[in-house]
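Shown below is the structure under consideration.
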Amino acid sequence: MERKDLANLIFPDAKDYTYYEEKYVARSLPEGAVVTRFAPSPTGFVHIGGIYQSLIARLMTKDQGVFFVRIEDTDQKREVEGGTKQIIDALYDFDLAPNEYVDENDVDHGEYGPYKQSLRKEIYHSYAKKLLEEGNAYPCFCSPEDLDAIRNDQEKAKERTGYYGKWTKCRNMPVDMAIERIKNGDPYIVRFKSPGNPDKKIKHKDVIKGAVDFPENDQDIVIIKSDGLPTYHFAHAVDDHLMQTNLVIRGDEWLASVPLHLQLFYVLGFKSPKYAHIAPMMKVDGEGKRKLSKRKDPESAVGYYKEEGIPKQSVLEYLMNIANSNFEIWRKQNQDKSMYEFDFDIKKMGVSGALFDMVKMLDVSKNVISRYTAEEVYDASLTWAKEYDEELAAMLENKEYALKVLSIERGNAKPRKDIAKWSDVKNTICYMYPDKFDKNGEFEYQKVTDKDEIDNIVKTYFEKYYNPADDKQAWFDKMKDLAEEMGYCREVKEYKANPDAYKGHVGDISTVIRVKLTGRCNTPDLYEIMQVLGLDEIKNRI
RNA sequence: GGCCCCUUGGUCAAGCGGUUAAGACAUCGCCCUUUCACGGCGGAGACAUGGGUUCGAUUCCCGUAGGGGUCACCA
């Protein structure tokens, strides 16, 4: 009996691997075009890190390369119904549509599929069979208990753990015995027969991490599990070879697997891709920090941003800042350009994980939203409100009025930056709505707090000075006149030079009017507010 | 524990043998014809640590400490 018989016994129906080599023809792409992918497991949770990775992938491929999505569902225990749809939808939500992918009905969009690993079983079998025939893989009959025992012995002997070299039981099993045991019905999996020597070093040049040297891999890792599906490592090698990935962008938890992966590519006769291992986003936890966690950090889920109403553009630009910190300088100078025009450099990405900073994210978002027109703010908040805030949606029903409100101090050279997320909108505009305003509410006045004084100021202003037809300058001059009449200084500077001569200054007076009309002391330009409110509503509030 | 990586202000970070050690967020003060915001100006605030190498180290080398990753029939 020979290895070929063993291979046939294990994978009787597998096609010869050359079938696939011929089937997946070379991509015709311009010189230097990047082919990369996002390869998530459909666990029903789309992590912000996935968007980050996809952003980088999209940036690297832009219009001449290929960005595809491959669903890695080889661990059926973790798979969640609808997981694939969530991933693809999230990518579309963030304008990161892949060039090739599989949809929720398992329909492939692209020529190099299937793009879902569970549908590629026979492909993996063909390559595993090749390895078996060549003697680069072997069936292993060790039970989980056997493996535990080996590890125990290794720990006792203070040696490296794992299935390798002298600790293996099945690596050198005669072919005849293996065949006999399989025929006998003994359970087994198939392992890679590693040619590595850990005393030798391999040199790896990571696109992001730079030069990293490792000992060679000597672990006989499993390549085909008992359910017939491949492990990540094997699937990675086979898929990225066949799909012709030339740049693997993935989380740096994979960095330690590079020696194994390179070895796999080598033994399989594949050209290995370049690797870019990106650092994860971190979060402070007690004394130290840890990766942004699905369980503990709501902001790790992409759904969080949608619910909060943080625009996708804001999330993307924040991520861009983390990826290349010079992005924000560029953005400041190129306010109107698409972020994709930025000259992104993957080599500039940080090698260690950055703390995720929501305050910074919201600041980025304020800037992003400040560039929106009133119409855009209106559309986006309405869309958000329809799903998450009925009250806001109702307020926005009168579009003409809403637009007037949202236009206050917007569209000029120094737009207001008071909205970081759509869920802020209600609070920033609610006092502009008669039915949301309670004129009998207890308001915080700033400086002038005496009730009679307040009444007096308001009364005098509306009886003697206010004229809705005034332009802004006239309006403000009258505010000064009022200040003077009430014993307040017309000019703030003058007041500051001689504070004892007056009860206060024009700002204190206008604040009284402001609070009376809006219920708060911080609002945008009062003149504009009064214009939008209209005389009837103003009268109603005084 | 083995292997690998990392360490510049509260945070994100420029830097790549000689700099007054950028910038952004946060913070504080002042200014900007009314508040808040915006904007402007300014303040405070950092090279983990010990040894080398060097005329000179934040930058190069070694050690120490701290942090992170990885050692599955999970990805």
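As a basis for the values below, the full set of heavy atoms in this structure was taken, side chains included, without hydrogen atoms, waters or symmetry mates.
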Sidechain-backbone polar pair: Q154(A) side chain, G162(A) backbone, donor-acceptor under 3.5 Å: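 Between the backbone of G162(A) and the side chain of Q154(A) there is a qualifying donor-acceptor contact (under 3.5 Å).
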Side-chain-base donor-acceptor pair under 3.5 Å for K493(A) and U33(B):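 Checked by distance alone, the answer is no.
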Flag, side chain of D424(A) to backbone of K421(A), donor-acceptor distance under 3.5 Å: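 Pair found, side chain donor or acceptor close to backbone of K421(A).
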RNA chain B: 5'-proximal contact among D252(A) and D227(A) (nearest heavy atom):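 That would be D252(A).
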Watson-Crick/G-U partner (both atom distances under 3.5 Å) of U34(B):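 Pairing partner: none.
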S226(A) (side chain) and C73(B) (base): donor-acceptor pair under 3.5 Å: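 When only heavy-atom distances are counted, S226(A) does reach the base of C73(B) through a donor-acceptor pair under 3.5 Å.
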Residue K496(A), side-chain heavy atoms: nucleotide from C31(B), C71(B), A37(B) that is nearest: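 So the nucleotide nearest the side chain must be C31(B).
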Residue closer to the 5' end of RNA chain B, D363(A) versus S143(A) (nearest nucleotide):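 Its nucleotide being nearer the 5' end, the pick is D363(A).
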Sub-6.0 Å ring centroid separation between H261(A) and F234(A):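 No - the distance between ring centres of H261(A) and F234(A) does not fall below the 6.0 Å cut-off.
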Integer-rounded Å distance: A75(B) C1' and R78(A) CZ: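 So the two atoms are 5 Å apart, to the nearest Å.
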U34(B) base / R514(A) side chain donor-acceptor hit below 3.5 Å: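 Flag set: donor-acceptor pair detected.
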Nearest-nucleotide pick for T523(A), side chain only, options being U34(B), U33(B), U35(B):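 Comparing U34(B), U33(B), U35(B) against the side chain of T523(A), the answer is U35(B).
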Y232(A) ring center near W254(A) ring center (under 6.0 Å):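 When the ring centroids of Y232(A) and W254(A) are compared, they turn out to be within the sub-6.0 Å range.
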Pairing partner of U49(B) (Watson-Crick or G-U wobble, both distances under 3.5 Å):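 Checking every strand shown, U49(B) finds its partner in G63(B), with both distances under 3.5 Å.
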Option passing side-chain contact (heavy atoms from CB on, under 4.5 Å) with E216(A) (candidates L260(A), I202(A), D199(A)):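 Between E216(A) and the candidates, side-chain contact (heavy atoms from CB on, under 4.5 Å) is satisfied uniquely by I202(A).
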Atom-pair distance (CG on L147(A); P on C71(B)), nearest Å: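 Between P of C71(B) and CG of L147(A): 15 Å.
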G1(B): pairing nucleotide in any strand, Watson-Crick or G-U under 3.5 angstrom: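 Matched G1(B) with C71(B) under the 3.5 Å cut-off.
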Watson-Crick or G-U wobble mate for U19(B), both contacts under 3.5 Å: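 Across any shown strand, U19(B) pairs with none.
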Any strand: nucleotide that pairs with C25(B) via Watson-Crick or wobble, under 3.5 Å: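 The base-pairing partner of C25(B), which may sit in any strand shown, is G10(B).
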Distance between C1' atoms of C55(B) and G15(B) (Å, rounded):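 Approximately 22 Å lies between the C1' atom of C55(B) and that of G15(B).
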